[in-house]
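Inspection log for the structure reproduced underneath, given as structure tokens.
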Amino acid sequence: MIRITKRDGISSLLSVAIRVIAVIAALILCLIITFLFTGRDPLRVLSEMVGGSFGTSKRMWEFLQRTMILSCIAVGLAPAFKMHFWNVGAEGQMLMGGLGALILMKFCWVIPSLPLLILMALLAILFGAVWGMIPGFFKAKWNANETLFTLMMNYIAIQIVLYFCTIWEGTVGTVKIGIVNGEAGAPSYHKGWIGEMFTGNFNDKDFMWLVLIVLLVVVAMWAYLRYTKQGYEISVVGDSVNTAKYAGIRVNKVYVRSMAISGGVCGFAGFLAVSAVSRTLTDLTADGRGFTAIIIAWLAHTNPYLMLVFAALYTFMELAGKQMASAFQLNDYYSKILTGIVLFFVLGCEFFTNYKVHISKKHKGGAAK
Amino acid sequence: MAQTNAIELRHITKRFGQKVIANDDISLDLRKGEILALLGENGSGKTTLMNMLGGIYFPDEGQIFVDGEEVTIRSPKDSFRYGIGMIHQHFKLVDVFTAAENIVLGLEGEKGRLDKNSIRRTVREIAERYGFDIDPDQKVYDMSVSQKQTVEIVKVLYRGANTLILDEPTAVLTPQETDKLFAVMRNMKKDGKAIIIITHKLHEVLDVSDRVAVLRKGKYIGDVETATATQQSLTDMMVGRAVALNIDRPKAEKCVDRLIVNNLTVLDKEGVKKLDKVSFTAMGGEILGIAGVAGSGQKELLEAIAGLQPEEEGSEIRYISPEGKEMSLIGMDPLDIINSGILLSFVPEDRFGAGLVGSMPIVDNIKLRTYRDRKGILADRAKAQELADRIVLDLEVVTPNTNVIPIRRLSGGNVQKVLVGREISSSPTVLMTAYAVRGLDINTSYMIYNLLTEQKMKGAAVIYVGEDLDVLLELCDRILVLCGGQVSGIVDAASATKEEIGLLMTQFRREDKA
Ligand SMILES: Nc1ncnc2c1ncn2[C@@H]1O[C@H](COP(=O)(O)OP(=O)(O)OP(=O)(O)O)[C@@H](O)[C@H]1O
Ligand SMILES: [Mg+2]
């Protein structure tokens with residue numbers, strides 16, 4: 001006899017335990033599937049999986065770098081999601097941020113390094129914020145559906161980026177600009193690159209800056225949502241718009257302001273992706289991460305710290321899949337299958353954090369003592 | 001035993017977490033063909049006990065017998081199988097479906113199909129037998145609260161319920177609708193059905209029930225035949241000590257004009273007039289009652305003052321501060337009102353819809369009024385915590401804690417105490433309340449009346465929208481009667497009669513029809 005009851009609340013320890021179990025179960029299933037497809041020794045498979053992220057120092061930095069960018073986008077979504085404003089426009093906001101950063105990097109590299117980086121970050125935040133504020137404004141003014149609106153803004157951003165790629169490279173149809181400020185010996189060399197400007201030469205460890213900056217963003221967002229007046233207003237609006245109005249919270253202002261912050265942080269992620277990682281801009285700079293971040297933010301229940309954890313998990317699976325694909329001559333979709341399995345388990349375990357399953361043999365519920 | 005009981009509960013215990021014992025070793029019988037009133041203060045465990053019959057909760061200990069047979073109720077479906085139908089306070093109907101569709105929702109017809117005509121026929125039969133007013137083809141979104149309730153009741157009867165449980169059905173009904181419901185309940189009783197009703201209104205208990213069972217702090221206190229009970233005896237049983245059941249009305253003194261409303265007109269979204277040239281003055285140092293049939297513009301009136309409703313041209317709302325400064329509230333939103341230093345408090349009708357944040361704990365709900373009190377960008381928390389602790393202590397709020405459990409989980413009465421406590425705590429100069437004691441037990445209701453009187457004596461202008469005319473007459477200094485969005489009269493509560501107010505409540509309607 002199986003009985004399902006809704007939990008009255010769950011201890012945080014138990015909810016973490018359930019998620020850990022789900023991840024382990026997913027990994028075991030991944031191992032089994034890989035074994036069935038390739039017939040390889042499961043231990044070997046496991047070591048390849050782990051190796052994908054931690055095999056070499058280079059891979060480890062790659063893992064950290066990807067985790068951090070993904071976390072930064074997810075954290076950007078937090079204020080919007082907390083407000084129950086479904087911002088699915090992180091992709092576009094990030095691209096616009098990247099564009100803002102790249103403009104300064106490409107055309108204003110004469111500015112000294114540190115101010116240049118700061119200006120790049122600010123312009124990226126501004127571009128992302130504007131991109132986020134537009135749907136926020138339309139929602140506030142005419143109650144326009146934010147999901148569709150933010151989604152469409154992504155495609156506009158992609159087209160804008162493609163347009164500039166074409167203009168700057170001079171040939172019609174170009175989708176990629178060459179590495180900016182990458183010409184050794186030129187006075188512009190390494191200008192606007194986070195990391196290199198301090199060490200002077202390229203080195204994986206330069207991702208350290210990226211890691212530190214994103215950790216700072218995570219803590220700042222956590223504190224903002226938890227301790228500030230604005231963070232509190234966001235939570236109230238998310239639960240009940242009418243209660244918010246009753247309490248003197250100007251809901252429309254909160255929509256626009258929070259979307260500016262949300263877009264701004266996503267734009268900042270674009271700055272990081274350009275300045276710390278790719279040093280260039282293409283329509284693939286965001287590479288679907290704006291959408292992946294939605295899942296991450298949702299899974300983490302808008303808790304920035306948990307976003308780090310889920311972003312790391314997601315990246316780990318992605319890299320593990322890539323590694324196995326190359327080690328066992330499977331194609332690239334294999335990585336997607338594995339990531340899918342993990343997501344399925346992690347999303348599925350939401351059920352167990354909300355409901356309790358009792359299994360018993362025709363049990364006479366709590367007979368009197 | 002001559003006759004088996006419809007339901008017997010034996011030694012039922014239910015705990016929530018470590019600290020809360022909602023039901024402690026409760027044994028209770030429901031006889032066939034009787035109406036049993038279940039009485040108890042807020043948080044005494046009535047809803048929890050009934051939810052175990054309804055299949056929402058499962059007892060930690062104890063047994064349930066239906067018709068003498070021990071049963072295990074694991075889900076609402078099981079509950080239906082044993083002929084138990086529960087009508088919750090919050091209805092669970094699908095808005096876009098008709099009454100008939102909602103009634104059969106979740107049922108499987110023969111061969112998986114449902115015959116619409118036969119459903120309609122059965123619904124009509126049930127309606128006729130018990131005297132319900134129901135149109136099987138009406139959509140739920142077109143229904144009033146009372147009509148929705150009717151659908152819920154017909155729904156459980158349709159499924160063959162022999163035992164009905166009604167959790168505070170009258171809290172949302174007007175007196176007339178309540179009378180109708182009671183007539184239906186008596187018909188069901190005649191038909192041999194057993195009924196449990198939860199209500200906090202003692203005159204209703206005396207009116208409709210055969211027997212009263214009393215819970216106190218999760219324990220079963222006992223039962224009495226209604227014929228031998230009085231309001232006073234029931235209250236004493238419920239509270240556990242003798243309590244005085246009268247409202248002290250100190251004479252209003254040093255009354256000063258506080259809120260002057262002139263020609264206030266408010267339209268709803270469809271452009272229908274909800275308030276029509278309403279004029280009155282609320283004075284500091286008195287309680288102004290507002291009476292009227294539900295939906296006569298009470299909500300719009302309070303919301304317009306609070307800055308939540310746009311007023312039409314020509315409307316005038318002026319506020320005169322205790323220092324004598326005068327300002328117009330027209331065009332101000334709630335934040336403007338706060339920023340101009342007006343201490344206006346408001347207990348709205350729909351607690352969770354507007355007034356509280358259901359998913360947040362008590363402290364964060366208190367913060368709604370205090371979070372701005374600290375300079376800088378950080379929200380105040382210490383003050384809110386302090387205030388929350390004080391409200392919990394002063395108003396005897398039963399809760400496991402103030403900073404973890406979402407307020408939605410508290411019993412209805414405790415939620416209302418937090419809301420009223422918060423609104424009173426700022427020493428308001430204007431205090432508006434809409435149905436402030438709805439869902440509150442008698443003891444707590446009197447506590448609230450006293451708090452309002454206390455505010456009046458401190459010089460606040462108290463506006464009390466109520467539905468119980470006896471209370472309005474006892475508590476208020478003056479009573480304004482609304483009828484179809486217009487003021488049909490303002491009477492002196494000390495000299496007015498119920499009949500007089502009743503007449504005013506319907507007066508304009510009659511003129512309209514003529
Ligand atoms: N899901 C829950 N989790 C934790 N505590 C609960 C839960 N449901 C009820 N309680 C607690 O159990 C006690 C009894 O609650 P219950 O809702 O049964 O009271 P009640 O008699 O119906 O009160 P009211 O008249 O205010 O509706 C209260 O102290 C309440 O806070
Ligand atoms: Mg209850």
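Numbered from 1 within each chain, the chains take letters A, B, ... in sequence-line order.
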**Fill in**
Whatever's closer than 4.5 Å to a heavy atom in chain A on B/D380 counts as neither
**Prompt:** Can you check whether B/L378's main-chain N or O pairs, donor with acceptor, with A/Y232's side chain at less than 3.5 Å?
**Reply:** no
**With sequence neighbours excluded, residues passing side chain to side chain contact (heavy atoms under 4.5 Å, CB included) with B/I330** = B/E311, B/S315, B/I317, B/S328
**Complete:** Given B/I377, B/D336, B/D350, the one with more heavy-atom pairs under 4.5 angstrom with chain A than any other is B/I377
**Request:** Measure distances from B/I338 to the heavy atoms of chain A and classify the residue's part below 4.5 Å as side chain, backbone, both or neither.
**Result:** side chain
**Partner chain A: residue of B/K367, B/M360, B/E303 with the largest heavy-atom pair count (under 4.5 Å)** = B/K367
**Which atoms of B/L356 approach chain A - backbone, side chain, both or neither, heavy atom under 4.5 Å** = backbone
**Beyond-backbone contact of A/Y227 with B/R381, side-chain heavy atoms, under 4.5 angstrom** = no
**Message:** Under a 4.5 Å cutoff for heavy-atom pairs, which residue among B/G355, B/P334, B/S359 has the most contacts with chain A?
**Reply:** B/G355
**Request:** Could you tell me which residues in residues 240-252 of chain A have at least one non-hydrogen atom under 4.5 Å from a non-hydrogen atom of chain B, sorted by residue number?
**Result:** A/S240, A/N242, A/T243, A/K245, A/Y246, A/A247, A/G248, A/I249, A/R250
**Message:** Using heavy-atom distances under 4.5 Å, tell me whether B/L308 contacts chain A through its side chain, its backbone, both, or neither.
**Reply:** side chain
**Fill in**
residues 132-144 of chain A vs side-chain hydrogen bond (donor to acceptor under 3.5 Å, both in side chains), sequence neighbours excluded, gives A/K139-A/E146
**Asked** Looking at residues at least two apart in the chain, or sitting in another chain, which of them share a side chain to side chain contact (heavy atoms under 4.5 Å, CB included) with B/N414?
**Response** B/V397, B/V398, B/L410, B/S411, B/K417
**Request:** Would you mind checking which part of B/D25 comes under 4.5 Å of any heavy atom in chain A, side chain (CB onward), backbone (N, CA, C, O), both or neither?
**Result:** neither
**N/O donor-acceptor pair under 3.5 Å between A/K229 side chain and B/K375 backbone** = no
**Message:** Heavy-atom count check: over 12 atoms from other residues, nucleotides or ligands less than 6.0 Å from B/R408 CZ?
**Reply:** yes
